[in-house]
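First up is the structure itself, then whatever we jot down about it.
Note that these values count all heavy atoms, side chains included, but never hydrogens, waters or copies made by symmetry. Numbers here are sequence positions counted from 1.
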Amino acid sequence: MSEIGGKTGVGVRSEEALRAFERAHPQGLAVQQIVDWFDQGGDRLTEATFRKYVQLGLLPRSVRVGRKGKHRGSQGLYPATVVGRIETIRRLMSQGFTIEEIQREFFVRGDVEELGRNLDRVWSAIERRIADRGGDALAEKQLAEARALGVSLMETLDAIEQRMSMRARMARAAV
């Protein structure tokens with residue numbers, strides 16, 4: 001399959017293009033940035049559709065982040081992984097799955113991803129606290145053990161989610 005502009009096939013970007021986009025936006029994205037990214041790739045995504053996916057639980061809710069400067073308020077940022085999830089939703093819909101089927105059969109993935117982000121935040125917070133206190137060999141060792149357990153947990157949950165998604169696809173194909 002050829003790849004043009006980071007896309008493979010009909011309206012689907014390559015995994016490499018999605019990962020590069022995610023790495024380029026570790027702080028998250030405002031909804032308009034996400035909509036613009038899809039528009040620039042030639043795929044129409046309206047803000048209303050994006051918000052409907054959030055409302056249905058297909059995409060995570062935003063995290064409010066304060067803007068620098070007095071009286072600038074805050075803005076909602078979404079993790080960059082939402083672009084991959086939108087691509088997945090579109091791919092599944094093109095295969096004939098309904099939104100209800102997608103919600104029911106495929107979107108434990110979002111919860112698994114959110115768990116991974118939360119673990120990363122906890123580990124980073126603990127690292128900072130240890131560093132602020134000038135180090136603690138026992139706490140550093142325990143943190144390393146907790147990270148290893150977390151990695152193992154995430155790998156197991158990924159495998160379960162992939163197996164369940166595959167079974168749903170096979171059941172759909174058999175109908």
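- In this structure, Leu115 CG and Leu153 CG are separated by 6.0 Å, a value rounded to the nearest 0.5 Å.
- For Thr156 (side chain) and Ser152 (main-chain N/O), a donor-acceptor pair under 3.5 Å exists by modelled atom type.
- Annotation for Val83 and Phe38: closest pair O-CZ, 3.8 Å, computed over non-hydrogen atoms.
- To the nearest 0.5 Å, the span separating CD1 on Ile86 from CG on Asp43 amounts to 10.5 Å.
- Under the 3.5 Å distance criterion, the side-chain polar atoms of Gln33 are matched with a main-chain donor or acceptor of Ala30.
- Among residue pairs with one or both ends in residues 20-33, those qualifying as salt bridge (charged side-chain N to carboxylate O under 4.0 Å, His left out) are Arg19-Glu22; sequence neighbours excluded.
- Under the side-chain contact (heavy atoms from CB on, under 4.5 Å) criterion, Val112 pairs with Val108, Arg109, Met154, Leu157, Asp158, not counting sequence neighbours.
- Within the structure, side chain to side chain donor-acceptor pair (under 3.5 Å) pairs that include any residue of residues 118-129 comprise Asn118-Arg121, Glu127-Arg147 (at least two apart or interchain).
- The shortest heavy-atom contact between Ile102 and Ile89 is CD1-O, 3.9 Å.
- Hydrophobic side-chain contacts under 4.5 Å tie Ile160 into a cluster, directly or through other members, with Met164.
- Distance CG/Leu77 to CD/Gln75: 4.5 Å, rounded to 0.5 Å.
- Gln32 CD to Trp37 CH2: the interatomic distance, rounded to the nearest 0.5 Å, is 15.0 Å.
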Kindly list each side-chain donor-acceptor pair under 3.5 angstrom involving residues 133-145, sequence neighbours excluded, with atom names and distances?
from   : atom 1 : to     : atom 2 : distance (Å)
Asp136 : OD1    : Leu138 : N      : 3.1
Asp136 : OD1    : Ala139 : N      : 3.0

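- Distance alone, capped at 3.5 Å, is enough to place a donor-acceptor pair between the Glu101 side chain and the Thr98 backbone.
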Considering only distance and modelled atom types, tabulate donor-acceptor pairs under 3.5 Å from the side chains of residues 49-61, sequence neighbours left out.
from  : atom 1 : to    : atom 2 : distance (Å)
Thr49 : OG1    : Thr46 : OG1    : 2.8
Arg51 : NE     : Glu47 : OE2    : 3.1
Arg51 : NH2    : Glu47 : OE2    : 2.8

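- Neither Ile126 nor Leu149 shares a network with the other; the hydrophobic side chains, linked directly or stepwise wherever heavy atoms of I, L, V, M, F, W or Y lie under 4.5 Å apart, form separate groups for each.
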